[in-house]
A.B. asks: 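Dropping the structure in here first, questions after.
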Amino acid sequence: MKIVIGSDHGGFNLKEALKHYFDSKEIAYDDLGTHDESSVDYPDYGAKVGYAVLDGDYDFGIVICGTGIGISIAANKVKGIRAALVYDENTARLAKAHNHANIIALGGRTTPVDQAIKIVEAFMNEHQEARHQKRIDKIKELEG
Ligand code: RB5
């Protein structure tokens with residue numbers, strides 16, 4: 001299991017908290033920034049994580065901004081990315097099972113750390129259901 005994670009300043013504190021969790025569980029990850037709370041632009045980090053998921057050897061990506069909204073919109077502009085903004089264990093599980101999400105988006109100002117950890121665990125423990133593949137193929141067709 002290897003994860004790639006990135007955030008803007010609004011997601012920085014939650015990103016750091018999730019890194020502590022990964023360290024405690026010996027889960028491998030790469031952190032693509034941002035590296036402090038200075039103001040940055042979330043599209044830059046949504047794109048970085050998106051391209052890393054496509055090109056790197058990662059199981060999935062995590063993107064975080066203040067709400068998770070902006071950075072999920074940005075990550076979804078990268079062809080091949082299915083970034084799901086999730087806010088509880090059920091949406092996390094369904095994003096993996098039904099939508100074959102390859103990135104989950106979280107809100108650093110809207111999702112408490114303990115909830116974010118439950119979300120990540122739910123996503124990691126779920127599997128992609130093959131019966132939804134034809135819908136994923138239709139999403140790919142939309143990408144052209
Ligand atoms: C940055 O202040 C904030 O707009 C950003 O983190 C995010 O919430 C946008 O969707």
Side-chain angles (χ1 to χ4, degrees), residues 1-129 132 135-144:
M1 173 69 63
K2 191 166 184 187
I3 297 167
V4 58
I5 190 167
S7 77
D8 76 351
H9 53 289
F12 174 75
N13 289 325
L14 180 55
K15 174 166 69 65
E16 296 306 298
L18 286 176
K19 284 165 55 184
H20 283 300
Y21 164 74
F22 296 144
D23 289 338
S24 73
K25 297 289 182 188
E26 298 186 344
I27 296 170
Y29 62 86
D30 283 332
D31 176 7
L32 302 188
T34 188
H35 298 296
D36 59 40
E37 290 184 87
S38 311
S39 182
V40 291
D41 298 327
Y42 60 80
D44 297 339
Y45 295 89
K48 273 188 193 190
V49 173
Y51 287 118
V53 165
L54 294 182
D55 300 337
D57 193 18
Y58 299 108
D59 291 274
F60 69 100
I62 301 174
V63 293
I64 314 169
C65 65
T67 59
I69 297 171
I71 203 162
S72 64
I73 292 171
N76 275 312
K77 298 299 179 190
V78 177
K79 197 170 166 178
I81 290 302
R82 293 178 300 280
L85 174 55
V86 293
Y87 42 86
D88 58 25
E89 290 161 90
N90 198 38
T91 50
R93 190 181 62 72
L94 290 168
K96 178 83 160 282
H98 290 196
N99 311 115
H100 298 190
N102 48 17
I103 289 182
I104 52 173
L106 300 168
R109 296 172 180 151
T110 56
T111 302
V113 172
D114 59 341
Q115 177 78 345
I117 289 171
K118 287 180 189 167
I119 285 170
V120 172
E121 287 178 342
F123 189 81
M124 287 192 297
N125 291 332
E126 189 52 87
H127 69 281
Q128 298 180 346
E129 293 179 7
H132 288 281
R135 286 116 186 193
I136 305 307
D137 292 341
K138 288 189 176 189
I139 293 173
K140 287 180 185 164
E141 279 173 32
L142 289 172
E143 290 178 324

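Counting starts at 1 for both ligands and their atoms, following the listed order.
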A.B. asks: Give a yes or no on whether a salt bridge exists between K2 and D57, defined as a side-chain N under 4.0 angstrom from a carboxylate O.
C.D. replies: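 No, this pair does not count.
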A.B. asks: Using modelled atom types only, decide if a donor and an acceptor are shared between the side chain of H100 and the backbone of E129 within a distance under 3.5 Å.
C.D. replies: yes
A.B. asks: Is the number of heavy atoms from other residues, nucleotides or ligands within 6.0 Å of OH (Y21) greater than 12?
C.D. replies: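 Result for OH/Y21: enclosed.
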A.B. asks: Between K79 and E143, is the closest basic N to carboxylate O distance under 4.0 Å?
C.D. replies: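 Looking at E143 and K79, the cut-off is not met.
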A.B. asks: Name each N or O atom in ligand 1 that is under 3.5 Å from a protein N or O, and give the partner atom and the distance.
C.D. replies:
unit_1, atom_1, unit_2, atom_2, d
ligand 1, 2 (O), R109, NH1, 3.4
ligand 1, 6 (O), D8, OD1, 3.4
ligand 1, 6 (O), D8, OD2, 2.6
ligand 1, 6 (O), G66, N, 2.7
ligand 1, 8 (O), G66, N, 3.2
ligand 1, 8 (O), T67, N, 3.1
ligand 1, 8 (O), T67, OG1, 3.4
ligand 1, 10 (O), T67, OG1, 3.4
ligand 1, 10 (O), G70, N, 2.9

A.B. asks: Would Y58 and N102 count as having a side-chain donor-acceptor pair, cut-off 3.5 Å?
C.D. replies: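 Their side chains do not contain a donor-acceptor pair, so the 3.5 Å distance test is not met.
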A.B. asks: I'd like to check C65 versus V63 (side-chain heavy atoms, cut-off strictly below 4.5 Å). Are they in contact?
C.D. replies: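 No; the side chains remain at least 4.5 Å from each other.
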